[in-house]
Amino acid sequence: MSKMLQVLCLLLPVALGGCWDAKELDRVYYVHAIGVEYNHGRFEVYAQILNFASLAKQDIAGQSAEQTAWVGKGVGKTLDTAIHDLYATSQEEIYWGHLTAIVLHESTLEQGLKQVLDIFTRFHETRYTIWMFATRSSVQEILSASPILNESPVFSQLGNPEDIYDQRSFIEPIRMHRFIADLQEPGKTSLLPYLTVAKEKWYTRDKAMSVLKMEGISILRDGRLVGWLPSEKIPGLRWMTRATNRASLVATERSEPVAVILLGDARPAIIPTVKGDTIYFSLSVEVTGEIIQLMRNASEKEVTRLSEQAIKREIESTFAKGVEIGADLYQVTHSLYRKKTAEWKRLDSRGHFPLRKDSLRTVKVKADIYSARKTKLEEFKIESD
């Protein structure tokens, strides 16, 4: 045997050593989402387990095999002991590297986020880009809801909220690293999208499906829960969010709808003013959009004017709803911190919520309505009319 062959024979076991402790991929449970509730002094952890093997088969074959999620439950005095209680009933090793979403029940937010954020930022298998949600519904029910067409929960609002937000920009989804940054930023309010289960919205034959829906926002400041607001009370939030890409607005006159406009590219600005111990804010926002439905003949100028009035009303009403529960939804005090730090420190040291309804001095809206789609800018008519 040549010397070269002898060397290769000696190196062969070394080359194979890296595979000896490898795990079979189909012998591991992959956690896709986790929910946390706090009841009677104990944490309840719900883990949504997906079968990624069936997901891969679906992608390859293009078929819609049923993608059922399994939800496991663990209970413990701490979050870690609850997770280890979950391990006790698991039939395979649980892997957290594919964790995509965390759903925090209102009871957990009231208890405090310290344990939740500590364990998921410290554990080496989880990432910082996990989607964060809140809920007042049962966490088990949230994690058990499946998308329509037998799709995997990977493609639900839990695992992929960005696509829905791009089409309907109302409540911006948030990832863990941004949420933590908001919690630690002086004067900033953290907003968590609020999930619920919508029933009797989608059907298969005579069976109603349970699907996920963003119901509103949970509001936190300095890690503490301030309150929550449903979607219908925060329509102005979308105009003060730079990520808004596509939002529908009904322009009305004397409560009668005139046109429906799709608006996006929101560019908000905040100007703080301090007079003694009182602060005021002037808001402005620019948006662009297009008319997609016209209920009566109206010029572009008229539709633009009505749209700007509607946006202004929504911004003002949402600001007022926030002030009612002690929440700064538009981050105006954070704007004060950024632009006039010394004044912010002086006012913040007094330790009370600094905003009142009259803290909002002016709201200026500029809407650029630039098209009327395929039809001319006139009311659509048919012969029978």
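Just so it is clear, the values below take in all heavy atoms, side chains as well, and ignore hydrogens, waters and symmetry mates. Just so it is clear, the model here is predicted, and its values are computed rather than measured.
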Assess whether a salt bridge exists between Glu253 and Arg305, defined as any Lys/Arg side-chain N lying under 4.0 Å from an Asp/Glu carboxylate O.
yes

Checking side-chain hydrogen bond (donor to acceptor under 3.5 Å, both in side chains) for the pair Glu44/Tyr46: CA distance, chi angles, key distance, verdict?
CA-CA 7 Å; Glu44 296 179 358; Tyr46 296 85; 3.1 Å; yes

In the structure I gave you, are the side-chain heavy atoms of Val274 and Thr278 within less than 4.5 Å of one another anywhere?
no

Taking 4.0 angstrom as the limit, do Arg224 and Glu110 come out as a salt bridge?
no

Please report the interatomic distance CD1(Ile261) to OG1(Thr288), rounded to the nearest 0.5 Å.
12.5 Å

With heavy-atom distances below 4.5 Å as the criterion, would you say the side chains of Phe170 and Met214 are in contact?
no

As an exercise, state the distance from NZ of Lys321 to CG of Leu237, rounded to the nearest 0.5 Å.
15.0 Å

Heavy-atom count check: over 12 atoms from other residues, nucleotides or ligands less than 6.0 Å from Tyr87 OH?
yes

Salt-bridged, Glu172 to Arg178, with N to O below 4.0 Å?
yes

Ion pair check, Arg175 and Glu162, cut-off under 4.0 Å:
yes

Just how far is it from atom CD1 of Ile234 to atom CD1 of Ile171, taken to the nearest 0.5 Å?
4.5 Å

salt_bridge(Arg122, Asp118) N-O dist < 4.0 Å
yes

Please check if atom CD in Gln167 has more than 12 non-hydrogen atoms from other residues, nucleotides or ligands closer than 6.0 Å.
no

Geometric cation-pi criterion, Arg361 with Tyr280: 6.0 Å, 45°
yes

Would you call Asp348 and Arg221 a salt bridge, using N to O less than 4.0 angstrom?
yes

Give the C-alpha distance, both sets of side-chain angles, the deciding distance and a yes or no for side-chain hydrogen bond (donor to acceptor under 3.5 Å, both in side chains) between Asp328 and Thr333.
CA-CA 7 Å; Asp328 173 13; Thr333 51; 2.6 Å; yes

Between Arg296 and Glu256, is the closest basic N to carboxylate O distance under 4.0 Å?
no

Are the side chains of His105 and Ile142 in touch, meaning some heavy atoms are under 4.5 Å apart?
no

Using a 6.0 Å cut-off, check whether atom CZ of Arg346 has over 12 heavy atoms from anything other than its own residue.
yes

Of all the heavy-atom pairs spanning Met132 and Pro193, show the shortest one and how long it is.
O-CD, 3.7 Å

Could you state the interatomic distance from CG (Leu195) to OG (Ser156), rounded to the nearest 0.5 Å?
8.5 Å

For the NZ atom on Lys188, are there more than 12 heavy atoms of other groups (residues, nucleotides or ligands in this structure) within a distance under 6.0 Å?
yes

Go through the steps for Val116 and Leu104 under the test side chain to side chain contact (heavy atoms under 4.5 Å, CB included), then give the verdict.
CA-CA 9 Å; Val116 176; Leu104 303 174; 3.7 Å; yes

Tyr29 side chain near Ile49 side chain, heavy-atom distance below 4.5 Å
yes

Exceeds 12 heavy-atom contacts within 6.0 angstrom, atom NZ of Lys233:
no

Might you point out which heavy atoms bring Trp202 and Val211 nearest each other, and give the distance in Å?
CD1-CG2, 4.0 Å

Would you indicate whether the side-chain heavy atoms of Arg242 and Arg267 approach each other to under 4.5 Å?
yes

Whether Lys312 and Glu308 form a salt bridge (side-chain N of Lys/Arg under 4.0 Å from carboxylate O of Asp/Glu) is what I want to check.
no

Looking only at side chains, do Thr81 and Thr78 share a donor and an acceptor under 3.5 Å apart?
yes

Would you say Leu283 and Ile271 make side-chain contact, with heavy atoms under 4.5 Å?
no

Go through the steps for Arg168 and Tyr165 under the test side chain to side chain contact (heavy atoms under 4.5 Å, CB included), then give the verdict.
CA-CA 5 Å; Arg168 181 181 182 269; Tyr165 182 72; over 6 Å; no

Using side-chain heavy atoms (C-beta onward) and a distance below 4.5 Å, is Val285 in contact with Val363?
no

For the CG atom of Asp166 and the OG1 atom of Thr244, what is their distance to the nearest 0.5 Å?
10.5 Å

Test: Glu141 and Lys199 ion pair at under 4.0 Å:
yes

If you measure from the Lys or Arg side-chain nitrogens to the Asp or Glu carboxylate oxygens, is any gap between Arg338 and Glu185 under 4.0 Å?
yes

Considering only NZ, NE, NH1 and NH2 on the basic side and carboxylate oxygens on the acidic side, decide whether Glu286 and Lys366 come within less than 4.0 Å.
no

Approximate separation, where rounding is to 0.5 Å, of Ile219 CD1 and Leu229 CG
4.0 Å

Student check: side-chain heavy atoms of Val36 and Val139 closer than 4.5 Å:
no

List the steps, then state whether side-chain hydrogen bond (donor to acceptor under 3.5 Å, both in side chains) holds for Trp239 with Glu314.
CA-CA 9 Å; Trp239 312 121; Glu314 291 188 354; 2.7 Å; yes

